[in-house]
2 protein chains.
Amino acid sequence: MIGRVQPSPVPAAAAVDEAPGAAGMPRDPWALEEVGVLARETLGERVTAELRALLVAGRLAPGEKLSLRRVAEALGVSMMPVREAVSRLAADGALEVLPGRAVRVPVLTLAQFRELTRLRLVVEGFAAEEAARKATPDQLARIAAHEAAFRQAASAEAPDSAGAVAANRDLHFALYEAAGMPSLVEMIERLWLKAGPILNLDMRHEPRRLKGGRAMQEHEKLLTALRRGDASAARAALEADIGAAAAHIEQTGQLKESD
Amino acid sequence: MIGRVQPSPVPAAAAVDEAPGAAGMPRDPWALEEVGVLARETLGERVTAELRALLVAGRLAPGEKLSLRRVAEALGVSMMPVREAVSRLAADGALEVLPGRAVRVPVLTLAQFRELTRLRLVVEGFAAEEAARKATPDQLARIAAHEAAFRQAASAEAPDSAGAVAANRDLHFALYEAAGMPSLVEMIERLWLKAGPILNLDMRHEPRRLKGGRAMQEHEKLLTALRRGDASAARAALEADIGAAAAHIEQTGQLKESD
DNA sequence: CCAACCTAACTGTGATCACAGATCACGACA
DNA sequence: TGTCGTGATCTGTGATCACAGTTAGGTTGG
């Protein structure tokens, strides 16, 4: 069910407020150069972003079926933008459309999950190395902030599972963006889109499980490695983090056995 | 212009002939299990595949503008499937849709091309290692066949540029599929989709340029490494192949300087 | 009481229409 | 002669309608 979608479908096209009215009297050419191109966000992109967020956050469970019409109704838009969004996500493998049936969140095979994990180790490990070499102090501070947020959310008396998931995601992607390679970040986003539903669904379900303690350790090692500019240590810490999470998922047995 | 699109737009829906008529009298249940689900290919997927093929083959030049209506007319379909195809390809970065203007093949910045090359070295290098470990004799034979085809097409008196491009693509992807990791292959396809237009447009333009000789050397080294199961040698050969091609592209100066 | 059929609701897919915005070319004014 | 305004044309985007296929539920026959 898509019922509990983010409750802000109505003010859809109200985000582009800074349109500078008419362009009458260009007396001050400097001011016009600073406004940027005011990127118009199409409805389809908006729906795509919405679904992506739900997927990486694990709020759409594997096997859950989606209906174009219901999603459209829930988001207050026509069926058209939803079709576009689903097309894109299906092309990425983040959703799958059964032949004549419905569109649903893919359920990963054990083999598929293991392949995904190996790819994450290769790609995200490379990103960690690169980030260790090129991260600026400002970026380091931002990563540290997310690490603190994760620690607080995960180690509190009443663990904030949603907050931990979000902080973990922010931490990782702050790291990856520090590598300064946009296409690499997109690549990793695609991997997370596929693995997100299981990974974060589980993390949301049992918040403080060994994932918590282990993740915090590795995050700390990662930070010190980044501060020293030690690429291989950063890679090792990140690989340990990914590996620990993957091992935990595997032993919960939420994965399909064969094809 | 989409004018010189593959000249087979008319027999579009004529490929799914093996529909077993009516399902009257299921006397032989065994036969029914073998037919598979006869994957119905939707029109949108067909158009997507068509455009993908054009892109990786370099038959759509960077900066070339596409029109949904013209592509639809050229392919003999409605505008709808083309929209879906363009949406998917745009999500992959293989096409880009300017805000209010048109959809066009992206023109890579020098920096973007270098990033893409680095990612290819990481990902395709990993695939080569994995293939060296797990390739079966049958897969090795297939790779060798493509290598022979490339050699013949590239070293002939009148070089067959289109054939060389196709053989090169087949060779590489036979290698990557030998790694036995489907998601990895998809990942590499996405990279080729982005880099294909420049890479193969150039290869098509000047067929026997140093790219030819160098590529054949590295392909040969790659094959011997695969036969020995030498993972690091296979990676080295592939990296040399990619690096040589990339260096050649850079020195032709077809890339935008900044953003 | 169980199984098989049959109907009604719902699925994604494709086509067509409507619309705001951008592009481009022609023509008028300075 | 150079430059700006202006209208026709074409762009992608979104909505609505139509359709074939599937699914699920209720009913009927055994």
Side-chain angles (χ1 to χ4, degrees), chain A residues 1-2 9 12-13 15-16 19-26 29 37-51 63-91 95-105, chain B residues 1-3 9 12-13 16 19-24 26 37-51 63-91 95-105:
Chain A
M1 284 297 274
I2 188 65
V16 205
M25 268 297 179
V37 277
L38 71 114
R40 294 189 322 153
E41 195 178 19
T42 172
L43 264 182
E45 299 174 19
R46 204 177 195 78
V47 176
T48 305
E50 200 76 37
L51 292 179
E64 190 166 344
K65 286 185 296 185
L66 293 185
S67 160
L68 296 188
R69 289 176 174 84
R70 299 177 103 116
V71 176
E73 190 178 5
L75 266 59
V77 299
S78 164
M79 204 170 59
M80 209 60 218
V82 182
R83 276 175 69 175
E84 189 178 330
V86 169
S87 277
R88 295 183 186 181
L89 293 172
L95 292 177
E96 65 180 2
V97 291
L98 291 315
R101 305 168 195 175
V103 36
R104 67 169 192 181
V105 182
Chain B
M1 285 296 273
I2 189 65
V16 206
V37 278
L38 71 113
R40 295 188 324 151
E41 196 177 18
T42 172
L43 265 181
E45 299 175 20
R46 205 177 194 78
V47 176
T48 305
E50 200 76 37
L51 291 180
E64 190 166 343
K65 285 185 296 184
L66 294 185
S67 161
L68 296 188
R69 288 175 174 84
R70 299 179 106 117
V71 175
E73 191 178 4
L75 266 57
V77 298
S78 164
M79 203 170 60
M80 208 61 216
V82 181
R83 276 175 69 175
E84 188 178 331
V86 169
S87 277
R88 296 182 186 180
L89 294 172
L95 291 177
E96 66 179 3
V97 291
L98 292 315
R101 308 169 192 174
V103 35
R104 68 169 193 182
V105 183

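Note on naming: letters A, B, ... go to the chains in the order of the sequence lines (proteins, then strands), and numbering restarts at 1 for each one.
Under 4.0 angstrom from either OP1 or OP2 of D/dT11 there lies at least one side-chain N or O belonging to B/Ser67.
Side-chain atoms of B/Arg70 lie closest to D/dT11 of the nucleotides D/dT11, D/dG14, D/dG12. Closest to the side chain of A/Lys65, out of D/dA24, C/dG14, D/dA15, is D/dA24. Considering only side-chain atoms of B/Ala102, the nucleotide from C/dC17, C/dA15, D/dT11 that sits closest is D/dT11. You'll find that the side chain of A/Leu43 is closest to D/dG14, out of D/dG14, C/dG14, C/dG12.
Taking atom CG of A/Leu68 as the reference point, atom P of D/dA15 lies 13 Å away to the nearest angstrom. As a whole-Å value, the separation of A/Met79 CE from D/dA18 P is 13 Å. Between the P atom of C/dT11 and the CZ atom of A/Arg104 lies a distance of 16 Å, rounded to the nearest Å. Between B/Arg69 atom CZ and C/dA15 atom C1' there is a gap of 13 Å when expressed in whole angstrom units. One interatomic measurement links the two molecules: CD of B/Glu84 to P of D/dT13, which rounds to 14 Å at whole-angstrom precision. As a whole-Å value, the separation of B/Arg83 CZ from D/dT16 P is 14 Å.
A/Val103 comes within 4.0 angstrom of the backbone, heavy atoms only, and of no base. Using a 4.0 Å heavy-atom criterion, one finds that A/Thr42 contacts the sugar-phosphate atoms exclusively.
Between A/Arg69 and A/Glu73, every side-chain heavy-atom pair lies at or beyond the 4.5 Å cut-off. Annotation: side chain of A/Leu98 is in contact with side chain of A/Arg104 (closest heavy-atom distance under 4.5 Å).
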